Amino acid sequence: MIKEQLIETTQYLIKRGFDQPEVGIVLGTGLGKLADELSNPIVAPYSQIPHFPLATVEFHSGKLIFGEIEGVKTVVMQGRFHLYEGYDFMHITYPIRVMHSLGIKKLLISNAAGSINLDLKKGTLMLIDDHINLQGGSPLAFKEVALLGERFVDMSQPYDPDLSAIMVDAAEKQGINLKKGVYASVIGPQLETRAEYRYLKMIGADAVGMSTVPEVIVANHLKLPVAAISVITDEGDPDNLKPVNVEDIIRVAEEAEPKMMRLFKQVIKSL
Ligand code: HPA
């Protein structure tokens, strides 16, 4: 059934003018402005796209946007779906499968994350080098998965080395200090306790957030090269933990957003 749904969604978007995008981008919390930089944009609100998860109130503004960045045809997800909104793994990753069906050859992902490695200060950009899935499930654990690709997907290098190298070069060209690290994904929406921050440090995480990993697993299922950036929005120091709220997280993400936009544009230029 998912196969037929994908065909319907893809055909709808092609009819709307989503014509063979090369690059797909997922914009994280507080990082949506890159979508305004697309030239000749075609905007499809999620609520109008057949088989897209129904937008919750918070993500009412979710849109899929097609246009050009640096002359490259790109499709951008402004707003993503999270497990904490009550969707399942299949739904939150459906848009990745749709962008792949539309023809994207590369996927760039961004998110807001808390730092575990306290060398990563607020506002830092971290290239995700590897991840730890703590979301208690998989977007590949369903009956029909074998119709869409392999079931037992290799994850020895989930983030594409070539695309990640282009990110590093692009950061250098733009004078952006880009760190590298391991991202741990949790379900949320509650933030971490002090004991959880300690635990995350022990298991080797540098940053923690509530997204990205399911999308990256599906990209690997599709053999779609993916690179991802975390914008560090808060610091999870268990010995000096200050209350954080989502408004602060969004504000820090918005402050770092121009840097991330420059980075993604430079990457696209370099492809
Ligand atoms: N924890 C989990 N998710 C997050 C955080 C955090 O500290 N910051 C932004 N997203």
Side-chain angles (χ1 to χ4, degrees), residues 25-34 56 58-59 61-62 77-87 89 92-93 108-137 139 158-159 178-217 226-261 263-264:
I25 298 182
V26 183
L27 296 175
T29 304
L31 302 165
K33 280 213 198 84
L34 182 66
T56 55
E58 193 182 345
F59 283 94
S61 63
M77 282 183 73
Q78 193 179 39
R80 61 147 66 82
F81 300 97
H82 302 87
L83 291 171
Y84 65 70
E85 295 167 277
Y87 301 114
F89 280 101
I92 59 171
T93 52
L108 306 177
I109 295 181
S110 62
N111 63 46
S115 65
I116 304 297
N117 172 351
L118 299 175
D119 294 339
L120 304 173
K121 304 295 181 202
K122 274 187 206 181
T124 303
L125 301 191
M126 183 189 93
L127 178 68
I128 304 180
D129 189 40
D130 205 347
H131 71 221
I132 302 172
N133 179 8
L134 296 175
Q135 293 185 320
Y159 298 83
L178 183 63
K179 306 285 193 195
K180 268 191 195 176
V182 174
Y183 175 89
S185 65
V186 294
I187 296 181
Q190 74 285 350
L191 292 145
E192 285 65 42
T193 64
R194 288 165 296 164
E196 285 166 344
Y197 282 123
R198 279 192 198 99
Y199 162 76
L200 289 165
K201 194 180 185 96
M202 277 193 278
I203 64 171
D206 294 295
V208 57
M210 304 173 192
S211 67
T212 303
V213 166
E215 296 155 0
V216 169
I217 293 172
V226 57
I229 296 283
S230 285
V231 175
I232 302 299
T233 53
D234 52 286
E235 295 161 23
D237 179 357
D239 299 318
N240 183 26
L241 191 58
K242 311 226 170 48
V244 274
N245 60 50
V246 73
E247 288 78 23
D248 291 339
I249 287 175
I250 291 172
R251 185 181 43 77
V252 178
E254 283 174 353
E255 281 166 14
E257 184 173 31
K259 228 174 13 177
M260 202 212 68
M261 278 170 47
L263 179 62
F264 276 18

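Owing to the predicted nature of the structure, the values given are computational and were not obtained by experimental measurement. The figures here come from the full heavy-atom set of this structure, side chains too, leaving out hydrogens, waters and symmetry mates. For ligands, and for the atoms within them, numbers begin at 1 and follow the listed sequence.
With respect to R194, the side chain to side chain contact (heavy atoms under 4.5 Å, CB included) criterion is satisfied by exactly one of R198, E196, E192: R198.
The two residues E235 and K122 have their closest heavy-atom pair at OE2-N, 2.7 Å. The shortest non-hydrogen separation linking T29 to I250 is CG2-CG1, 3.7 Å. Closest non-hydrogen pair, P158 versus D130, comes out as CG-OD1, 3.8 Å. Residues Y197 and I116 come closest through the heavy atom pair CD2-CD1, 3.4 Å. Nearest heavy-atom pair, V231 versus A253, reported as atom, atom and distance to 0.1 Å: CG1-CA, 4.3 Å.
Every protein residue with a heavy atom nearer than 4.0 Å to ligand 1 is included here: A112, A113, G114, L191, E192, Y197, V208, G209, M210, T233, D234, I249.
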